[in-house]
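Written out below as structure tokens is the structure these notes cover.
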Amino acid sequence: MYRVTPSEQVPSDPYANETLTVRGNGVHEAALLDDAEENLDAIRSALIAKYSGEYDYEELSADIAVPEGLTAYTKDVNALGDNKDTSYLMTEEFTLDSDEDFVVVYGVNHTATGKATYSNAVLYAKPMLNGVCSVYDSLFADSAAEYLGDGTDAGSYYVYKMARTQMDDYTKIVEYSTGNERGAYYGMDNGNPLVMAYRAYMDSTGVGPSYYEIIYDRAIVFHKK
């Protein structure tokens, strides 16, 4: 063990608190789209109509995952290294209980609206919060077209499944943890607690999007009856 003593006394608060970069630009994402709420409701209704005959379902809401910066510090909350270049949204816990269960993430394509230069949705397994499956904006093109009628701006929305098997062109495979050749944390097993997280990085003006200027992403978990 070595003890290092400064030759000069160090102030207890040596760093000044810099002025924070303000998130957002004052324009809500809903103002950039025609009939956003109606289109999201149409996607929701189409998904439920398509799968509710064979599946029970639960809908997951998202909220701000962690406070940032000095807010976290003064509350003694672990901010997990997050910063202001992106929005961090997270759902409540859920599980996939069988190989036939799956989760659908859907919402506004924040990159298409200019509220982000990159956005994603990531499935995390607890307790380690290891990311086991992700989708991102470069995959979103045409993914919502099936669920929206003609005349809608389907390119401003996305719909993607996370499942054990390939259900369609817009499905990402959820790997298992047990027996995974790449390592246990590259996957998760049935019944493992999960959360879905969403990020939208850097809007068109070069700042992180405001939590109060974006339409929050959504998810539905389908459980085989």
Should [X] and [Y] be counted in the same cluster of Ile, Leu, Val, Met, Phe, Trp and Tyr side chains packed under 4.5 Å apart?
{"X": "Val122", "Y": "Val105", "answer": "no"}
{"X": "Val221", "Y": "Val195", "answer": "no"}
{"X": "Met167", "Y": "Ile173", "answer": "no"}
{"X": "Leu96", "Y": "Tyr185", "answer": "no"}
{"X": "Val174", "Y": "Leu60", "answer": "yes"}

Do [X] and [Y] have side-chain N/O donor and acceptor atoms under 3.5 Å apart?
{"X": "Asp13", "Y": "Tyr15", "answer": "no"}
{"X": "Asp217", "Y": "Tyr158", "answer": "yes"}
{"X": "Asn109", "Y": "Lys115", "answer": "no"}
{"X": "Asp101", "Y": "His223", "answer": "yes"}
{"X": "Tyr198", "Y": "Asn120", "answer": "no"}
{"X": "Asp99", "Y": "Tyr176", "answer": "yes"}

Can you tell me how far the [atom1] atom of [X] sits from the [atom2] atom of [Y], to the nearest 0.5 Å?
{"X": "Leu148", "Y": "Ile43", "atom1": "CG", "atom2": "CD1", "value": "4.5 Å"}
{"X": "Asp137", "Y": "Arg199", "atom1": "CG", "atom2": "CZ", "value": "13.5 Å"}
{"X": "Asp56", "Y": "Phe222", "atom1": "CG", "atom2": "CZ", "value": "10.5 Å"}
{"X": "Asn130", "Y": "Tyr124", "atom1": "CG", "atom2": "OH", "value": "9.5 Å"}
{"X": "Tyr118", "Y": "Ser138", "atom1": "OH", "atom2": "OG", "value": "7.5 Å"}
{"X": "Asp153", "Y": "Thr113", "atom1": "CG", "atom2": "OG1", "value": "10.0 Å"}

**Asked** Between Tyr55 and Phe102, does the ring centre distance come in under 6.0 Å?
**Response**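 Yes, the ring centres sit under 6.0 Å apart.
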
**Item:** Step-by-step side chain to side chain contact (heavy atoms under 4.5 Å, CB included) determination, Lys172 to Gln166
**Value:** CA-CA 7 Å; Lys172 286 296 290 288; Gln166 194 76 34; over 6 Å; no

Are [X] and [Y] side-chain neighbours, meaning at least one heavy-atom pair lies under 4.5 Å?
{"X": "Val66", "Y": "Asn78", "answer": "no"}
{"X": "Phe140", "Y": "Val159", "answer": "no"}
{"X": "Asp63", "Y": "Leu89", "answer": "no"}
{"X": "Tyr136", "Y": "Ser119", "answer": "no"}
{"X": "Val132", "Y": "Tyr186", "answer": "no"}
{"X": "Met162", "Y": "Met196", "answer": "yes"}
{"X": "Ile220", "Y": "Tyr106", "answer": "yes"}

So, for [X] and [Y], which heavy atoms are closest and what is the spacing to 0.1 Å?
{"X": "Ala154", "Y": "Ala145", "value": "CB-CA, 3.9 Å"}
{"X": "Tyr160", "Y": "Asp169", "value": "OH-O, 3.8 Å"}
{"X": "Val103", "Y": "Ala219", "value": "CG2-CB, 4.2 Å"}
{"X": "Ile214", "Y": "Pro209", "value": "CG2-CB, 4.0 Å"}
{"X": "Tyr216", "Y": "Ala62", "value": "CD2-O, 3.4 Å"}
{"X": "Ile48", "Y": "Ser52", "value": "O-OG, 2.6 Å"}

**Message:** Take a 6.0 Å sphere around CG of Asp34 and say whether it holds more than 12 heavy atoms from other residues, nucleotides or ligands.
**Reply:**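 No, the 6.0 Å shell around CG holds no more than 12 heavy atoms from other groups.
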
**Request:** Applying side chain to side chain contact (heavy atoms under 4.5 Å, CB included), run through Met202 and Val207 and close with a yes or a no.
**Result:** CA-CA 5 Å; Met202 301 292 286; Val207 298; 5.8 Å; no

Between the side chains of [Y] and [X], is the shortest nitrogen-to-carboxylate-oxygen separation below 4.0 Å, so that they form an ion pair?
{"X": "Glu37", "Y": "Arg218", "answer": "yes"}
{"X": "Arg164", "Y": "Glu175", "answer": "no"}
{"X": "Glu100", "Y": "Lys225", "answer": "no"}

For the pair [X] (side chain) and [Y] (backbone), establish whether a donor and an acceptor sit closer than 3.5 Å, ignoring hydrogens and angles.
{"X": "Asn192", "Y": "Met188", "result": "no"}
{"X": "Glu213", "Y": "Gly26", "result": "yes"}
{"X": "Lys84", "Y": "Thr21", "result": "yes"}
{"X": "Tyr211", "Y": "Tyr88", "result": "yes"}
{"X": "Thr171", "Y": "Asp168", "result": "yes"}
{"X": "Lys126", "Y": "Pro193", "result": "no"}
{"X": "Thr71", "Y": "Pro67", "result": "no"}
{"X": "Glu29", "Y": "Ile215", "result": "yes"}
{"X": "Asp85", "Y": "Tyr201", "result": "no"}
{"X": "Asp97", "Y": "Asn190", "result": "no"}

**Request:** Show your reasoning for whether side chain to side chain contact (heavy atoms under 4.5 Å, CB included) applies to Leu139 and Tyr170.
**Result:** CA-CA 8 Å; Leu139 301 173; Tyr170 305 104; over 6 Å; no

